[in-house]
Asks: 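Input: one structure, supplied below.
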Amino acid sequence: MPLSITSRTWLWLFLAALGLSFLIGLGAWGPLESSEARYAEIGREMLVGQDWLHPRLLGIQHFHKPPLTYWLTAAGLGLFGENTLGVRVLPVLAVLLQVLLVYGLGLLLFQQDRARALAAAVVYGTLPVVLISALNVTTDAYLATLELASAYGILRYYHRGGARWLYLFWLGLGLAFLTKGPVGFILPLMVVIGHYFKQKQSRQPFTRHHAIGILAFLLVGLSWYLYLMAENPAFLRYFLFEHTVERFANAATFNRAKPWWFYLLLAPATSLPWSVALITQAVRTRWSTVPQQWRNVLIFWVVVPLLFFSISKSKLLLYVLPVFPGMALLTVHYLGRLTDGVLHRWYVGFLAFWGLLLGTLCLLPILGLDARLPVEAGMLTAGMAAGGIVLLVLLLNFWDEIRVVPRLLVAAGLFTITLLLAAKPLLQQNELAFNGSRPLAEFLRHQQLQQRQVLVYNELLPSLAFESGKIPVSLFDGNHALSRETQFEPNDTWKRTLINLQNPQEEPYLGSLLLRQPVLLVKGELPAERQWMLRYFKQQDKLGKWTVWW
């Protein structure tokens, strides 16, 4: 790196710059449907109700995931306020910790070469998919952090570290299990296999520290599950079968069916441009010249997990987040084999790609004048992108650093920071298009309707509950997203906030609500057989895809 300061100092500067660019404007837009809004609202309800063992979504118990993400969300809301900033701060910190852990893994795999470890951390911190995970609150950012911590712990232990690193391994596994269940084992298990596979590593003896670590894993990882099983034996089948086996084997369970090649295409696409360099150099490099350690990283840290998740019937992009640390480390390994002349060509190509993306952002205000484009952009987004282009041009033409790698890493950092700063106004301006509800809540306040009961037709809308601090009444009319875990409810009070329009016995309660001058939210058009509800309303307005009746 340029200037006579250590790689570790450059790492902290990168983390500070990346963290600041994340935090600026982090609460400018509200939580987006569907995943982020669910976690935000469950965390809010957990904080308000002080029930830390029974997560609730819109007043009904919700056991799709173990509780650690909900606990952390509630903690963020308690520390930073019941707002979107409170929801997003801890995931951002989790991603920054991931970057630090990738640096630590790089030190182990690159034999204490701090420059290459720094390069791996910068590559990882500038991957688009990693940026997405920090700005879209789900279990996956926390899971990736805990899996990385566990992987680092066991590798540090294998590299003659003390017993505390073994405890980190088991504790990380336990917390990962408390975050997303059995899937939390995948990366740490692959790291252990990769460490031993064909590398003739001496086996570590079983000691009392292993026994204590396993006990700690059982206490941390299984405590919540065992408590709920004792409370209701039906929970075991519900979580382990419906939310583990069924999610993996049945595409229709949660409507997340994707083709088998989904990750094989999307993983490289969301790690551009680094993935192009990695794949190109991996193909060009003879397999016999690749050290066994890096063969194992490629096979067990990247390929096997990708194939595992590709077999699964339920697919979302961030499910494969744990494979990207391996991709970042491999990218540095393969690019590190190149001469400066070849690296310079990659450097120019990367700058051209980043410049093209920023140039597109500059043109968005003009392109947004076309009504067919679903996204609008203001001058702030264009100005940030233009500033980034200027910085890249200055970097290319006027920085006289001879070495290519420092220029490449600095360019990656500048582009990432610019992209984050330009994206925030874009997300705020298009919040309704991106399935946020803050404009709806602001409209209700502006019309002085915030005290009225809100009815939401056939949509699950936790983002509105989070923005308003009130649980709306959901009108179920066949939408699978409104199917809830009512079998775990101790009484029928949940029927006050979830009405089945297809059940005639619930019409009297709906009629009583309509007589109290509520607000009705309809996404799209109300079906002809439900038009009778509109006679209770005198006014309407259109906000994006939503029609507001009152």
Side-chain angles (χ1 to χ4, degrees), residues 18-49 55-58 62 65 68-96 130-142 145 318 375-378 380-381 384 417 419-446 450 454 456 459-472 521 543-546:
L18 185 63
L20 187 61
S21 60
F22 271 128
L23 293 174
I24 292 175
L26 190 60
W29 71 101
L32 305 180
E33 300 289 348
S34 61
S35 296
E36 183 180 46
R38 288 200 307 273
Y39 292 112
E41 176 57 14
I42 292 171
R44 186 192 71 84
E45 292 183 38
M46 184 173 281
L47 183 64
V48 171
R56 285 180 169 80
L57 177 62
L58 302 183
H62 188 83
K65 295 289 190 298
L68 185 60
T69 302
Y70 308 137
W71 292 344
L72 292 172
T73 304
L77 294 171
L79 290 171
F80 302 100
E82 293 185 28
N83 50 53
T84 313
L85 181 65
V87 172
R88 296 192 178 117
V89 165
L90 293 184
V92 165
L93 295 179
V95 167
L96 295 178
V130 174
L131 307 182
I132 292 170
S133 72
L135 297 177
N136 181 28
V137 181
T138 66
T139 59
D140 300 291
Y142 294 126
T145 305
L318 295 182
V375 176
E376 299 179 6
L380 184 56
T381 293
M384 290 288 183
I417 291 168
L419 182 65
L420 286 171
L421 295 177
K424 310 285 182 57
L426 190 66
L427 289 165
Q428 182 182 23
Q429 193 168 346
N430 296 275
E431 190 168 343
L432 275 176
F434 295 149
N435 295 322
S437 293
R438 181 175 290 180
L440 290 173
E442 291 175 348
F443 176 83
L444 296 180
R445 285 192 288 268
H446 179 73
Q450 67 271 27
V454 176
V456 181
E459 293 286 342
L460 190 69
L461 202 60
S463 57
L464 181 63
F466 181 85
E467 293 292 346
S468 64
K470 293 175 57 180
I471 297 176
L521 298 181
L543 280 82
K545 300 176 182 179
W546 291 93

Asks: Take Ser34 and Leu460 through the test side-chain contact (heavy atoms from CB on, under 4.5 Å) and record every step on the way to the result.
Replies: CA-CA 8 Å; Ser34 61; Leu460 190 69; over 6 Å; no

Asks: If you look at every heavy atom in Leu47 and Gly78, which pair is closest and at what distance?
Replies: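 The pair with the smallest heavy-atom distance is CD2-N, 3.8 Å.
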
Asks: Taking only residues at least two apart or on different chains, which pairs with a member in residues 24-33 satisfy salt bridge (charged side-chain N to carboxylate O under 4.0 Å, His left out)?
Replies: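 Qualifying pairs: none.
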
Asks: Thr145: what forms a side chain to side chain donor-acceptor pair (under 3.5 Å) with it, not counting sequence neighbours?
Replies: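 Residues passing side chain to side chain donor-acceptor pair (under 3.5 Å) with Thr145: Gln98.
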
Asks: Grab the two heavy atoms, one from Thr381 and one from Ala422, that are nearest each other, plus how far apart they are.
Replies: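 That would be OG1-O, 3.1 Å.
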
Asks: Which of these, Leu461, Ile42, Leu77, sits in a side chain to side chain contact (heavy atoms under 4.5 Å, CB included) with Phe466?
Replies: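 One option only clears the test, and that one is Leu77.
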
Asks: State which residues pass side-chain contact (heavy atoms from CB on, under 4.5 Å) with Leu20; sequence neighbours excluded, sorted by chain then number.
Replies: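 Ile24.
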
Asks: Taking the side chain from Lys470 and the backbone from Val454, do they hold a donor-acceptor pair closer than 3.5 Å?
Replies: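 Checking the backbone N and O of Val454 against the side chain of Lys470, no donor-acceptor pair under 3.5 Å is found.
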
Asks: Starting at OG of Ser463, measure out to CG of Leu440 and round the result to the nearest 0.5 Å.
Replies: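 The CG atom of Leu440 is 7.5 Å from OG of Ser463, to the nearest 0.5 Å.
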
Asks: Given the rule in the side-chain contact (heavy atoms from CB on, under 4.5 Å) test, do Leu318 and Thr139 qualify, once you have shown the distances and angles that lead to the verdict?
Replies: CA-CA 9 Å; Leu318 295 182; Thr139 59; over 6 Å; no

Asks: Locate the shortest heavy-atom distance separating Pro91 from Tyr142; write the atom from each residue and the value.
Replies: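 Closest heavy-atom pair between Pro91 and Tyr142: CD-OH, 3.1 Å.
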
Asks: For Ser133 and Ala141, which heavy atoms make the closest approach, and how far apart are they?
Replies: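 Of all heavy-atom pairs spanning Ser133 and Ala141, the closest is O-CB, 3.8 Å.
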
Asks: Rounded to the nearest 0.5 Å, what separation is found between the CG atom of Leu421 and the CG atom of Leu380?
Replies: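 Between atom CG of Leu421 and atom CG of Leu380 there are 9.0 Å.
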
Asks: Mind jotting down which residue pairs meet the side-chain hydrogen bond (donor to acceptor under 3.5 Å, both in side chains) criterion with at least one end in residues 419-433? Sequence neighbours excluded, please.
Replies: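 Non-adjacent pairs meeting side-chain hydrogen bond (donor to acceptor under 3.5 Å, both in side chains): zero.
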
Asks: From Trp29 CH2 over to Leu426 CG, what is the distance, rounded to the nearest 0.5 angstrom?
Replies: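 Result: 10.0 Å between the selected atoms.
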
Asks: Partners of Phe434 by ring pair (Phe, Tyr, Trp, His ring centres under 6.0 Å), sequence neighbours excluded?
Replies: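 By the ring pair (Phe, Tyr, Trp, His ring centres under 6.0 Å) rule, Phe434 matches no residue at all.
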
Asks: Quick one: list whatever passes side-chain contact (heavy atoms from CB on, under 4.5 Å) with Ile471, sequence neighbours left out.
Replies: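 Ile471 satisfies side-chain contact (heavy atoms from CB on, under 4.5 Å) with Glu41, Arg44, Glu45, Leu58, Thr497 once adjacent residues are dropped.
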
Asks: Nearest 0.5 Å, what's the CG-OG distance between Leu32 and Ser437?
Replies: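 Spacing of CG (Leu32) from OG (Ser437) equals 9.0 Å.
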
Asks: When you look at Leu18 and Val95, which way does the side-chain contact (heavy atoms from CB on, under 4.5 Å) test go after all the steps?
Replies: CA-CA 10 Å; Leu18 185 63; Val95 167; 5.5 Å; no

Asks: Taking the side chain as everything from C-beta on, heavy atoms only, tell me whether Ser468 gets closer than 4.5 Å to Leu444.
Replies: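 SC-SC contact between Ser468 and Leu444 ruled out.
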
Asks: Got a sec, which residues hit side-chain contact (heavy atoms from CB on, under 4.5 Å) with Ala441, two or more places apart in sequence or on another chain?
Replies: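 For Ala441 the side-chain contact (heavy atoms from CB on, under 4.5 Å) partners, ignoring immediate neighbours, are Arg445, Leu464, Glu467.
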
Asks: Sorted by first residue and then second, give each side-chain hydrogen bond (donor to acceptor under 3.5 Å, both in side chains) pair with at least one member in residues 68-95; sequence neighbours left out.
Replies: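 side-chain hydrogen bond (donor to acceptor under 3.5 Å, both in side chains) check on residues 68-95 returns Glu36-Arg88, Thr84-Arg438.
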
Asks: Using the side chain to side chain donor-acceptor pair (under 3.5 Å) criterion, which residues pair with Ser21? Sequence neighbours excluded.
Replies: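 Result, side chain to side chain donor-acceptor pair (under 3.5 Å) vs Ser21: none returned.
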
Asks: Quick check: closest heavy atoms across Val92 and Phe22, and the distance to 0.1 Å?
Replies: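 Looking at all heavy atoms of both residues, the closest pair is CG1-CB, 3.6 Å.
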
Asks: Shortest non-hydrogen contact from Pro31 to Ala37?
Replies: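 Nearest heavy atoms, Pro31 then Ala37: CB-CA, 4.0 Å.
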
